[in-house]
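Ligands are counted one by one from 1 in listed order, and the atoms in each one are counted from 1 as well.
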Amino acid sequence: MPDRSTLLFVVAPHIRQALRQLLERENWRPLFADNGNEALDILQQQGVELVVAGFHLPDMTGPEFLGLVRKRFPQAFRLLLCGDADKRGAGWALAEGCAQQLIHLPWDDAELPQILRRYLQQLQAQRQKGADLQTLLNNIPSLPSLPSTYLELRDCLDDPAGVNLERVTYIVSSDIGTSAVLLRWANSALSGQLTRVETVRRAVVVLGTDLVEWLVLSRALKDTLGSKEVPGFDFSELQTHSVGCAVLARMLARRQYPDSPEIADRAFIAAMLHDLGKLVEAEHLTDHFRQAVAHAIADKGLLVESEAEINGFSHAEIGSYLAAWWNMPSFIVNAARWHHDPGKSPADRGIVTLVHVANSIIQEFGVGRSGNHHPPPVDRERWERFDLTPEFMAQMQAQVKDLSNFELE
Ligand SMILES: [Fe+2]
Ligand SMILES: [Fe+2]
C-alpha cells in the first residue's frame with residue numbers, strides 16, 4: 001500500500017507482545033489498546049483500517065466493542081479473536097455482522113499476517129475504485145454469515161482423509177426440506193436413474209457431492225438473500241443460470257484438463273457462486289438494484305454495465321467481497337470478481353476463464369436468466385482456447401436443457 005496501514009489491536013498484554021513480534025516484519029503501523037473505551041478513543045483520533053479485538057475485554061465484550069466500531073467507524077474492517085469456549089458468542093457476532101471474520105486462538109503464525117494482508121488489499125482495491133463500498137457493505141444491517149449446515153458440509157468435503165459419505169448423509173438429512181429436494185432430483189431425468197432412489201444416502205451417491213453442496217448452499221442463500229421483490233429479476237432464474245453455468249464450466253474443465261479432476265470441481269463451485277453479488281444487491285441494496293435492473297431492461301443492455309453506471313460498482317465487486325469475507329478460497333473470490341473480465345484476474349485465471357466462457361454459453365443457450373438482455377461479450381482470445389466444436393456445444397446444451405425444472409423447494 002502507498003501509505004503504511006494502521007491496524008488497531010484491542011487485546012490483553014500477553015497477546016500484545018506476541019503480536020508485536022509477529023508483525024515486526026510487516027510494513028504496518030500497529031496500535032494497541034487494553035480495553036474497548038480506550039480503543040474507541042483511538043479510532044476517534046486516527047484513521048484505522050483494520051481492528052482486531054479479543055473476545056473478553058475488561059470493560060465490554062469483544063463483540064459489543066466491534067458492534068460499536070461498526071456503527072461509528074464503518075470504514076474499518078473488524079476481526080474477532082476467539083478461543084474454543086467463545087464459539088457460540090463468536091458465531092453470534094458474525095451473524096449479527098459485528099465481526100467480519102473470526103481468528104481462532106491459538107492463531108497460526110504463518111496465516112495471521114496473510115489474513116490481515118488480504119483485508120488490507122481489499123481495502124486498497126476499493127480505494128482505487130473510488131466508491132466507498134466498504135462503508136456501504138458495513139452499513140448493511142447483517143450480511144449473511146454462511147449457514148452452519150453448509151460449513152459442516154464443506155468441512156466434511158474438505159476432509160483430507162476423504163469424504164465420509166455417512167457424515168454427508170447425516171448433515172443433509174438434518175434438514176427435511178433439503179432431503180426432500182435431493183430425493184426429487186435423484187428421481188428426475190437429471191440423474192438418469194432407472195430404479196427409484198429412496199434414501200438420502202443413495203441420492204447423494206447418484207447426484208454427486210457437488211450438486212449436494214450446491215443445493216445446501218442455494219437453499220441457505222434463498223433463506224437469507226431471497227426475500228425482496230425486484231421487477232425484472234427472478235431469484236430462481238438466477239439459480240438456474242448459476243447451476244447451468246456450473247455444469248458447463250465443469251464440462252469444459254473436464255475436456256480441457258482431463259488429468260486434473262480437481263479443476264473441474266473448483267470450476268463447478270466457482271461458477272455456482274459467480275453472480276452471488278446480485279443476491280446481496282437484491283436483498284440489501286434493493287433500490288439501487290431495482291434501478292439497475294430497470295435501466296438494463298430499458299436499454300436492452302447488460303446488468304453489469306447499468307450497475308456500474310448507477311452504483312459505481314457491480315455485483316462482481318460485491319460478490320467477491322462477500323466470498324472473501326466468508327473466507328472462501330481465492331479461486332471463488334477471483335471468479336466472482338473477474339468473471340466478466342478474466343484477463344484482469346491476478347490469480348486463478350484458469351478457473352476464472354472457465355467461468356467466463358460458461359457464463360456466456362449458458363446465456364446463449366437461454367437456460368435461466370441473470371438479468372441481462374443479451375449474453376455478455378466474451379473474451380475472444382480465451383474463448384478460442386477451447387475447441388468448441390458443434391458436437392461439443394450440442395452435448396453441453398443437452399446436459400443443461402432440463403435445468404429449468406430444478407426447483408429448490
Ligand atoms: Fe455476472
Ligand atoms: Fe452470470
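Figure legend: Arg255 and Phe386 shown without cation-pi pairing, the cationic atom not lying both under 6.0 angstrom from the six-membered ring centre and within 45 degrees of its axis.
Side-chain polar atoms of His274 and His241 form a donor-acceptor pair below 3.5 angstrom. For Gln399 and Arg250, the side-chain atoms include no donor-acceptor pair closer than 3.5 Å.
The Fe ion (ligand 2) has His274 among its coordinating residues (N/O/S atom, backbone or side chain, under 2.8 Å). At least one N/O/S atom of His241, from backbone or side chain, sits under 2.8 Å from the Fe ion (ligand 2). For Ser370, every N, O or S atom stays at 2.8 Å or more from the Fe ion (ligand 2). Among the backbone and side-chain atoms of His315, an N, O or S atom lies under 2.8 Å from the Fe ion (ligand 1).
Salt-bridge formation is detected for the pair Arg201/Glu166: a Lys NZ or Arg NE/NH1/NH2 atom is positioned less than 4.0 Å from an Asp or Glu carboxylate oxygen. Electrostatic pairing of Glu26 and Arg117 counts as a salt bridge here, judged by a charged N lying under 4.0 Å from a carboxylate O.
Restricting Asp275 to its N/O/S atoms, the shortest distance to the Fe ion (ligand 2) is reached by OD2.
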